[in-house]
Amino acid sequence: MDEIEIVAIYDSEETAGAVSGAMNQWFTWVMEGNPEDIPELFEDFGIDTEDYALEAGDTDWENPPVARAAGTNVIINAETSETLDLLQELAEALGAYEVQMADDE
């Protein structure tokens with residue numbers, strides 16, 4: 001399993017803060033929540049959370065990823081070899097105008 005760092009760039013610090021909060025809630029829900037009771041985490045961004053409904057067994061995460069806002073960036077740290085594309089897709093769906101691996105900067 002690889003430790004990855006994704007950097008997603010948003011239009012404002014407020015948006016980055018809101019996105020990192022929603023992503024962290026989603027990570028926790030995937031690991032601990034009821035897959036039949038899907039919370040509304042992404043609807044404020046125009047995304048149906050149900051489109052990203054996963055169960056803990058659908059991922060290779062031993063621990064949930066962590067998203068943190070740093071200015072207009074959201075930095076996502078995860079140990080995964082299977083969900084890189086999904087995490088990048090989610091960051092873009094939540095409004096990032098650029099998403100890249102930290103190594104690509």
Side-chain angles (χ1 to χ4, degrees):
M1 193 163 339
D2 300 324
E3 187 169 328
I4 61 166
E5 185 171 87
I6 299 168
V7 178
I9 304 171
Y10 292 86
D11 61 353
S12 70
E13 291 181 12
E14 293 78 21
T15 301
V19 167
S20 67
M23 288 184 122
N24 284 322
Q25 289 177 351
W26 179 72
F27 298 145
T28 299
W29 174 75
V30 168
M31 296 296 289
E32 300 172 4
N34 179 351
E36 295 173 11
D37 183 22
I38 301 170
E40 292 187 0
L41 301 173
F42 304 141
E43 281 67 13
D44 288 346
F45 301 95
I47 303 299
D48 187 352
T49 306
E50 189 170 345
D51 292 343
Y52 292 92
L54 300 176
E55 296 181 37
D58 294 336
T59 73
D60 62 344
W61 306 338
E62 290 182 26
N63 298 301
V66 175
R68 63 182 167 81
T72 59
N73 295 344
V74 171
I75 301 164
I76 304 163
N77 293 96
E79 290 182 19
T80 184
S81 59
E82 298 175 4
T83 60
L84 172 62
D85 291 340
L86 175 70
L87 295 173
Q88 289 177 314
E89 175 190 313
L90 178 58
E92 289 175 2
L94 294 172
Y97 63 85
E98 185 175 339
V99 178
Q100 57 192 11
M101 296 294 294
D103 296 352
D104 297 339
E105 291 185 292

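Computed from a predicted structure; not experimentally measured. Side chains included, hydrogens not; waters and symmetry mates left out as well; all remaining heavy atoms used.
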Show the nearest heavy-atom pair for residues [X] and [Y], with the distance to one decimal.
| X | Y | result |
| --- | --- | --- |
| F45 | V19 | CE2-CG2, 3.5 Å |
| A70 | I75 | CB-CD1, 4.1 Å |
| Y52 | W29 | O-CZ3, 4.3 Å |
| L87 | A78 | CD1-CB, 4.0 Å |
| A67 | M23 | CB-CB, 4.0 Å |
| N24 | P65 | OD1-O, 4.2 Å |

Residues V66, F27; criterion side chain to side chain contact (heavy atoms under 4.5 Å, CB included); working and verdict: CA-CA 8 Å; V66 175; F27 298 145; 5.8 Å; no

Test item: T49 side-chain N/O and E40 main-chain N/O as donor-acceptor pair under 3.5 Å: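 Side chain of T49 to backbone of E40: no pair is present.
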
Chi angles and distances behind the side chain to side chain donor-acceptor pair (under 3.5 Å) call for D60, T80: CA-CA 6 Å; D60 62 344; T80 184; 2.6 Å; yes

Would you give the length of the straight line joining atom [atom1] of [X] to atom [atom2] of [Y], rounded to the nearest 0.5 angstrom?
| X | Y | atom1 | atom2 | value |
| --- | --- | --- | --- | --- |
| L54 | W61 | CG | CH2 | 6.0 Å |
| D48 | L41 | CG | CG | 11.0 Å |
| E79 | T59 | CD | OG1 | 12.0 Å |
| E32 | N34 | CD | CG | 12.5 Å |
| N77 | E3 | CG | CD | 6.5 Å |
| T83 | E89 | OG1 | CD | 11.5 Å |

Heavy-atom side-chain proximity of E5 to I76 below 4.5 angstrom: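 The answer is no, as the side chains (C-beta and beyond) never meet within the 4.5 Å cut-off.
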
